[in-house]
There are 2 protein chains.
Amino acid sequence: MNGLSQTCARAILDTVPAIMQAIRVEMRLERMHELSVPQFRTLAYIARHPGCSLSDVADFIGLTLPSMSVLINGLVGEGLVLRESSLIDRRRVMLNLTEAGAAVHTRALNGTMAWLQERLASLSDEECQTVLQVMELLHPLFTVDCAGVTDRETMHT
Amino acid sequence: MNGLSQTCARAILDTVPAIMQAIRVEMRLERMHELSVPQFRTLAYIARHPGCSLSDVADFIGLTLPSMSVLINGLVGEGLVLRESSLIDRRRVMLNLTEAGAAVHTRALNGTMAWLQERLASLSDEECQTVLQVMELLHPLFTVDCAGVTDRETMHT
DNA sequence: GACATTAGTTAGCAATTCTAACTATTCTAC
DNA sequence: GTAGAATAGTTAGAATTGCTAACTAATGTC
C-alpha cells in the first residue's frame, strides 16, 4: 500500500545483490587467499567471538550445522582454525583462530576494505555518513533469527 | 586514511552479506517456485530488456558467458524463457520471457517484495526515504562497466 | 578468400550447501 | 541411577552453481 516502502524494497532488491556480486568477485579474484564470502565471514565471527561453538557461527552466518561443519573442516585443514572439544560440555566444539588464521583474516579484511573504500571514494563525507547510518539501521533487521545471544559487539570494530 | 570511509566500508561489509543471506534463504525457502537469486535477477533483467543478448545478461548479473548459458538452459527448460537466434546477427541470441516466465517473475518479485517490506516495517517513512537514497547512491558504484549496455539492446527488437 | 574477432555452447571440474541419518554427550524424571 | 529425550556435531549423498578450457558458428577486415 505504501508506495515508499515498496520503492525502498525494490531498491534494496536491485542494489544489494549487485554489491554482493562485486564483493564476491573481489574476494575470489584478487587480494585474499581465495577466501569465499562465507569463509571470510566465519573467520570474522570467530575473531570476534573466540571459543564460540559451531552452532553460534552457523546461526550467525545463516548456514545449517552440517554446512558449517564442512566449512570449518576446510578452514581447519588449511590451518586457519582450531577445533577443540569443550571441557565443560563435550558435545560442544570450541572454535578459535590460529595465528595463521588471524593473519589471513586481517589481511583479507584490510584488502577488501581498501577495495571497498576505493569504490566509495566518490562519496562525500556526508553521503558516507548517511550510508553508515543506513547500514546500521538495516543490519539488525536482517540478523533477527538467531534469537539466542545477540552480539552487540557487531556494531563496533 | 579517513576513519569515516573506513567505518562505512566496514558497515557495508557487515551488513550487505547478512541481507543477502536473508534474501537467498527467503527465495529458496518459500514464496517462489524455487528460483535462485541469479535466476530471479536474470528474469528481472530480461523482463526489463526484452530481446537482450546472452552477453548483456551475463555482464549485468556478473556471470561468465558459459555460466549464463547454462543458467538460461535451465530457464528455457522450465519454459520461462525463449532463446532465439537474432536475424540480424545470427551469432547473437535473443532472450525473451514466455508468458509463464513473466508470471513467475511477477509472482517471485511480489513475494520477495512483500517479505522485504515486512522486514522494513519498523522503519519510519523518513528512514525508508534515507534507505532508498543510499541504495540509489550505491547502486551505480557497484554495477560494472556495462553501464552503456542499457542503450545497446533497445536498438534491435 | 584467408584470418581475426565475436557470440555462444559443451565438457569437465571444484566448491557450496542442502537433507537425512548417524554418533556422542548431557539432561530429565521416575 | 538408569531409561529415554534432547542437544551438538559429523558423515554421506545429492543438487546446484559457477569456473576454465576448448570448441563451433557467424561476422568483419584486408
Side-chain angles (χ1 to χ4, degrees), chain A residues 17 20-30 32-42 51-78 81-95 146 148-149, chain B residues 17 20-30 32-42 51-78 81-95 146 149 152-153 156:
Chain A
M20 200 56 213
Q21 179 65 27
I23 292 178
R24 193 173 297 120
V25 166
E26 163 66 16
M27 284 197 152
R28 194 156 29 208
L29 215 57
E30 294 195 50
M32 34 189 46
H33 277 329
E34 293 163 10
L35 283 183
S36 71
V37 172
Q39 282 175 334
F40 170 72
R41 294 221 297 147
T42 299
C52 63
S53 76
L54 199 68
S55 305
D56 293 339
V57 205
D59 275 353
F60 181 78
I61 305 292
L63 289 181
T64 59
L65 221 41
S67 301
M68 184 49 74
S69 185
V70 169
L71 194 158
I72 292 290
N73 271 350
L75 296 177
V76 169
E78 286 171 28
V81 167
L82 282 178
R83 176 206 259 135
E84 307 167 274
S85 287
S86 161
L87 296 176
I88 300 159
D89 179 345
R90 282 193 324 218
R91 289 170 305 182
R92 291 182 84 91
V93 156
M94 273 182 39
L95 300 173
C146 37
V149 189
Chain B
M20 199 55 211
Q21 178 66 27
I23 292 177
R24 191 174 299 122
V25 165
E26 163 66 15
M27 286 198 151
R28 192 156 35 205
L29 216 56
E30 293 196 51
M32 32 190 46
H33 277 330
E34 292 163 9
L35 285 181
S36 71
V37 172
Q39 283 175 333
F40 171 71
R41 294 221 298 148
T42 300
C52 63
S53 75
L54 200 70
S55 304
D56 293 338
V57 204
D59 275 353
F60 180 78
I61 305 292
L63 289 181
T64 59
L65 222 42
S67 300
M68 184 51 74
S69 185
V70 169
L71 193 157
I72 292 289
N73 271 350
L75 295 177
V76 169
E78 288 172 25
V81 167
L82 282 178
R83 174 205 259 134
E84 307 167 275
S85 287
S86 161
L87 297 176
I88 301 159
D89 180 346
R90 282 195 321 218
R91 290 170 304 182
R92 290 181 86 89
V93 156
M94 273 184 36
L95 299 173
C146 56
V149 161
R152 193 182 306 153
E153 79 281 29
H156 316 111

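A, B, ... follow the sequence lines: proteins, then strands. Residue 1 opens every chain.
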Want to settle it: does A:Gln39 or A:Ser86 sit nearer the 5' end of DNA chain C, counting the closest nucleotide to each? A:Gln39

Just call it for B:Pro38: base, sugar-phosphate, or nothing, with non-hydrogen atoms closer than 4.0 Å on any strand. sugar-phosphate

Just call it for A:Val70: base, sugar-phosphate, or nothing, with non-hydrogen atoms closer than 4.0 Å on any strand. base

Give the C-alpha distance, both sets of side-chain angles, the deciding distance and a yes or no for side chain to side chain donor-acceptor pair (under 3.5 Å) between B:Arg90 and B:Ser85. CA-CA 6 Å; B:Arg90 282 195 321 218; B:Ser85 287; over 6 Å; no

Residue pair A:Ser53/A:Gln21 against DNA chain D: nearer the 5' end by closest nucleotide is A:Ser53

Identify which nucleotide among D:dG9, C:dT9, D:dT10 has an atom closest to any side-chain atom of B:Ser69, counting heavy atoms from C-beta outward. C:dT9

Look at the side chain of B:Ser67 and decide which nucleotide, out of D:dG18, C:dT17, D:dA21, has an atom nearest to it. D:dG18

Nucleotide C:dT19, atom P - distance to CE of A:Met68 in whole Å: 15 Å

With heavy-atom distances below 4.5 Å as the criterion, would you say the side chains of B:Met68 and B:Ile61 are in contact? yes

Rounded to whole angstroms, how far apart are CG on B:Asn73 and P on C:dA11? 11 Å

N/O (side chain, B:Thr64) to phosphate O (OP1/OP2, D:dG18) under 4.0 Å: no

Select one nucleotide: of C:dT17, C:dC18, D:dT10, the one nearest the side-chain heavy atoms of A:Leu71. C:dT17

If only side-chain N and O atoms of A:Ser36 are considered, is one of them under 4.0 Å from the OP1 or OP2 phosphate oxygen of C:dA15? no

Could you please spell out the steps behind the side chain to side chain donor-acceptor pair (under 3.5 Å) verdict for A:Ser86 and A:Asp89? CA-CA 5 Å; A:Ser86 161; A:Asp89 179 345; over 6 Å; no

Minimum side-chain heavy-atom gap A:Ser36-A:Gln39 below 4.5 Å: yes

Atom CD1 of A:Ile61 to atom C1' of C:dT16: distance rounded to whole Å? 14 Å

From the options C:dG8, D:dA8, C:dT19, select the nucleotide whose nearest atom is closest to the side chain of A:Arg91. D:dA8

Taking all non-hydrogen atoms of both residues into account, name the closest pair between A:Met20 and A:Val37 and its distance. CE-CG1, 3.5 Å

Tell me: CD of B:Glu26 to P of C:dC18, nearest whole Å? 15 Å

Of A:Pro66 and A:Arg90, whose nearest nucleotide on DNA chain C comes first from the 5' end? A:Pro66

Distance check needed: C:dT5 P versus B:Asp89 CG, whole Å only. 17 Å

Gap between atoms CG and P, on B:Leu35 and D:dT16 respectively (whole Å): 13 Å

Backbone N/O of A:Pro38 and side chain of A:Thr42: donor-acceptor pair under 3.5 Å: yes

Select base, sugar-phosphate, or nothing to describe what A:Ser55 touches, counting heavy atoms under 4.0 Å on all strands. sugar-phosphate

Looking at every strand, decide which applies to B:Leu65 at a 4.0 Å heavy-atom threshold: base, sugar-phosphate, or nothing. base

Interatomic distance, A:Ile72 CD1 vs D:dT11 C1' [rounded to whole Å]: 16 Å

Atom pair distance, as rounded to whole Å: CG in A:Leu87 and P in D:dA8: 17 Å

